[in-house]
Amino acid sequence: MLPLVIGALVERVRFSAILAFAVLFLTFVYAPLAHMVWSSDGLLFGIGAIDFAGGTVVHINAGIAGLVGMAMAGPRIGHLKEAMPPHSLALVMIGAGLLWVGWIGSASETTCSGSDHRGAFG
């Protein structure tokens, strides 16, 4: 979950600021929201919130945090002043492949969790 937010802040803030943000975000935003949605005595769970595969706790939360972080930090260093080509096409393809394989494993776990079948990692 944190990589989604950190990806929005790369080249915008210093590494020490990212570390401080990560500690504060996990403590004061992510942990309480996870408890409210995933715990049987949580506030949002009690009013009927359903979280499919972490869509609320992980993805919506990280997307909003990344958007707020980008708005506060401003544009990337060197944006519109210097060219920013990709560093390595091979590494981009490896990263995309790892994301794809991870998503397939996660999606099969979610889909098969309510049946007798086991997912890719089970």
Side-chain angles (χ1 to χ4, degrees):
M1 197 276 303
L2 246 141
L4 298 172
V5 181
I6 291 173
L9 299 176
V10 169
E11 296 180 359
R12 295 175 194 267
V13 297
R14 292 188 173 149
F15 185 67
S16 59
I18 288 178
L19 291 178
F21 171 81
V23 169
L24 294 171
F25 180 75
L26 288 173
T27 303
F28 296 109
V29 178
Y30 179 73
L33 185 62
H35 175 75
M36 286 190 283
V37 174
W38 290 338
S39 176
S40 61
D41 62 342
L43 176 67
L44 296 176
F45 184 87
I47 63 173
I50 299 174
D51 187 23
F52 293 104
T56 302
V57 173
V58 176
H59 297 101
I60 294 173
N61 194 14
I64 291 173
L67 186 63
V68 169
M70 288 185 334
M72 291 178 68
R76 291 182 186 262
I77 298 168
H79 181 66
L80 298 178
K81 295 180 181 135
E82 57 190 60
M84 295 184 181
H87 298 289
S88 168
L89 183 58
L91 290 177
V92 169
M93 295 305 293
I94 289 170
L98 287 171
L99 284 171
W100 181 70
V101 168
W103 181 82
I104 293 295
S106 173
S108 68
E109 286 288 331
T110 302
T111 303
C112 298
S113 64
S115 66
D116 293 338
H117 299 24
R118 300 294 292 203
F121 302 116

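If you're wondering where the values come from, they're calculated on a predicted model, not measured in any experiment.
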May I ask you to test the [X]-[Y] pair for a side-chain heavy-atom distance under 4.5 Å?
X	Y	result
M36	V57	no
V5	I18	no
S40	F45	yes

Option from N61, L43, V58 for which side chain to side chain contact (heavy atoms under 4.5 Å, CB included) with L33 holds
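The side chain to side chain contact (heavy atoms under 4.5 Å, CB included) with L33 is passed solely by N61 among N61, L43, V58.
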Starting at [atom1] of [X], measure out to [atom2] of [Y] and round the result to the nearest 0.5 Å.
X	Y	atom1	atom2	value
I94	L89	CD1	CG	10.0 Å
L67	M72	CG	CE	12.0 Å
I60	D51	CD1	CG	8.0 Å
L44	H35	CG	NE2	10.0 Å

At their closest point, which heavy atom of L4 faces which heavy atom of H59, and how far apart are they?
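Residues L4 and H59, closest heavy atoms: CD1-CD2, 4.1 Å.
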Quick check: closest heavy atoms across P75 and R12, and the distance to 0.1 Å?
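Closest pair (atom of P75, atom of R12, distance): CA-NH1, 3.6 Å.
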Treating Ile, Leu, Val, Met, Phe, Trp and Tyr as nodes and any side-chain heavy-atom pair under 4.5 angstrom as an edge, say whether [X] and [Y] lie in one connected cluster.
X	Y	result
V68	F28	no
M70	V29	no
L19	F21	no

